[in-house]
Amino acid sequence: MTYARIAGTGSALPERVISNAELAAKVDTSDEWIAERTGIRQRHIAAEGQTTGDLAFAAATAALQAAGVDASEIDLIVVGTTTPDLVFPSTACLVQHRLGANGCAAFDVNAACSGFIYALTVANQFIRAGTAKTALVIGAETLSRFLDWSDRATCVLFGDGAGAVVLKAADEPGILSSHIHADGGYKELLWNPVGISAGFKDEPNHGLRVIMQGRDVFKVAVKTLDRVVEETLEANNLDRHQLDWLIPHQANLRIIEATAKRLDMPMDRVIVTVDKHANTSAASVPLALDYAVRSGKVQRGQLLLLEAFGGGFTWGSALLRY
Ligand code: ACO
């Protein structure tokens, strides 16, 4: 049996950090309000001209170095993003060329905040099927580009960044299972109303912005993550106490704590980066994973549960032995 194993991780964050206090000078909010409701203290914001592809490239380079893998060995690049540099070529193609991995398959996956879990799932299938031996999986975003910076209900929640993993075919797990789902019926609880073939407006930023019914998103996210976590445990015949680490999507500390409670996991076994990164959408899980690996928290052989929930709605999980 062939499995996909994480050979290396990497991440990248823009230099510019915006604290809650700095935001509070621009919109009617406060550090207390943001921290109490979300756990967020600051976010990194891309510099002018710095793109999703730039962050993805930096994260990928770090992951390849950590894995000891040369770009020429890559068979597949999958990038989870909702904020691609261009409509086309895909961000995956742009990154591929910069890495010098020309010739391998490369494409983007748009599943909003679940983008990395979706991308990981796709790459895992390629490796399990024997059609790729080495895959680069990236989650990268510059959500700051389409936030409405005058809307306090949304602009305080998000940040920019990228995370990446190199997957290699191995005889031992690796990724044990992944589960991805979507329900497009929830479109209007969390969406951006502008695209290429619909919604373009003759107004600043073409009308691009995040529209969110925060309270409803919160409720559905908690319930749905509970379900996908149960699904993962059942599929692997696993007791929740066997997990070493929960590496959740970093949107809101209260959502993270609810999932940890469901798993009966103390918070010191949960990777939390939302305070420093805010919600970086598809980048949030691989950023948290890279932080967990590089800080020495996550060790080889440990059992990790990754999960995410986001616009669509989309959601998913991956259980893996690191
Ligand atoms: N600063 C100060 N006050 C604010 C702010 C702000 N930044 N934003 C909203 N408020 C006000 C509202 O206007 C409202 O005022 P009112 O009572 O006078 O009308 C009050 O605060 C309460 O607003 P709610 O939206 O009901 O606040 P809530 O407790 O639900 O917290 C939040 C809002 C943090 C967005 C929460 O609903 C949440 O986290 N939801 C999940 C959404 C999420 O994480 N989305 C990210 C994408 S999806 C995902 O990744 C899971």
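Order of appearance sets the numbers: ligands from 1, and atoms from 1 within every ligand. Just so it is clear, the values below take in all heavy atoms, side chains as well, and ignore hydrogens, waters and symmetry mates.
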Requested in this report: Flag atom 17 (O) of ligand 1 as yes if some protein heavy-atom distance to it falls below 4.0 Å, otherwise no.
Outcome: no

Requested in this report: Just let me know how Val27 lines up against ligand 1, side chain, backbone, both or neither, with a heavy-atom cut-off below 4.0 Å.
Outcome: neither

Report task. Check step by step if side-chain contact (heavy atoms from CB on, under 4.5 Å) holds for Thr273 and Lys276. Result -> CA-CA 6 Å; Thr273 53; Lys276 293 186 184 63; 5.5 Å; no

**Report entry** Test applied, side chain to side chain donor-acceptor pair (under 3.5 Å); reference residue, Thr51; option that passes from Thr91, Asp160, Asp85
**Finding:** Asp85

**Report entry** Selection from Gly214, Ser30, Ser114 by shortest heavy-atom distance to atom 40 (N) of ligand 1
**Finding:** Gly214

Report task. Only one of Val27, Leu157, Leu23 passes side-chain contact (heavy atoms from CB on, under 4.5 Å) with Arg152; say which it is. Result -> Val27

Query - Distance flag for atom 14 (C) of ligand 1, protein heavy atom under 4.0 Å - result: no

Query - Contact atoms of ligand 1, heavy-atom distance to Val217 under 4.0 Å - result: 42 (C), 48 (S)

Report task. Considering the heavy atoms of Thr38, write down every atom of ligand 1 situated less than 4.0 Å from one of them. Result -> 34 (C)

Requested in this report: Please name the residue in the list Leu246, Ile247, Thr232 that meets the side-chain contact (heavy atoms from CB on, under 4.5 Å) test with Glu307.
Outcome: Leu246

Requested in this report: Can you spot which of Thr314, Leu306, Val109, Val122 makes a side-chain contact (heavy atoms from CB on, under 4.5 Å) with Ile117?
Outcome: Leu306

Report task. Check each heavy atom of Thr29 against ligand 1 and say whether those closer than 4.0 Å belong to the side chain, the backbone, both or neither. Result -> both

Query raised in the report: Can you check whether Val228 reaches His179 side chain to side chain, under 4.5 Å on heavy atoms?
Result: yes

Report task. Can you confirm whether something in the protein, heavy atoms only, sits under 4.0 Å from atom 51 (C) of ligand 1? Result -> yes

Requested in this report: Please could you name the atoms of ligand 1 that Leu190 approaches to less than 4.0 Å, counting only its heavy atoms?
Outcome: 47 (C), 48 (S)

Query raised in the report: Taking side chain as C-beta onward, heavy atoms only, is Arg209 less than 4.5 Å from Asn205?
Result: no

Query raised in the report: Hey, do the aromatic rings of His249 and Phe309 have their centres closer than 6.0 Å?
Result: no

Requested in this report: Would you verify that at least one protein heavy atom lies under 4.0 Å from atom 37 (O) of ligand 1, or report that none does?
Outcome: yes

Query raised in the report: Hey, is atom 32 (C) of ligand 1 touched by any protein heavy atom at less than 4.0 Å?
Result: no

Query - Whether Gln250 side chain and Pro248 backbone form a donor-acceptor pair below 3.5 Å - result: yes

Requested in this report: Pick one of side chain, backbone, both or neither for how Ile34 approaches ligand 1, counting any non-hydrogen atom pair under 4.0 Å.
Outcome: neither

Query raised in the report: Using 30° and 60° as the class limits, which term best fits the ring planes of Phe107 and Phe126: parallel, tilted or perpendicular?
Result: tilted

Query raised in the report: Which atoms of ligand 1 are found less than 4.0 Å from any heavy atom of Val156?
Result: 7 (N)

Query raised in the report: Is there a protein heavy atom less than 4.0 Å away from atom 45 (N) of ligand 1?
Result: yes

Requested in this report: State whether any protein heavy atom lies less than 4.0 Å from atom 10 (N) of ligand 1.
Outcome: yes

Query - Option with minimal heavy-atom separation from atom 39 (O) of ligand 1, where the choices are Asn252, Asn279, Thr154 - result: Asn252

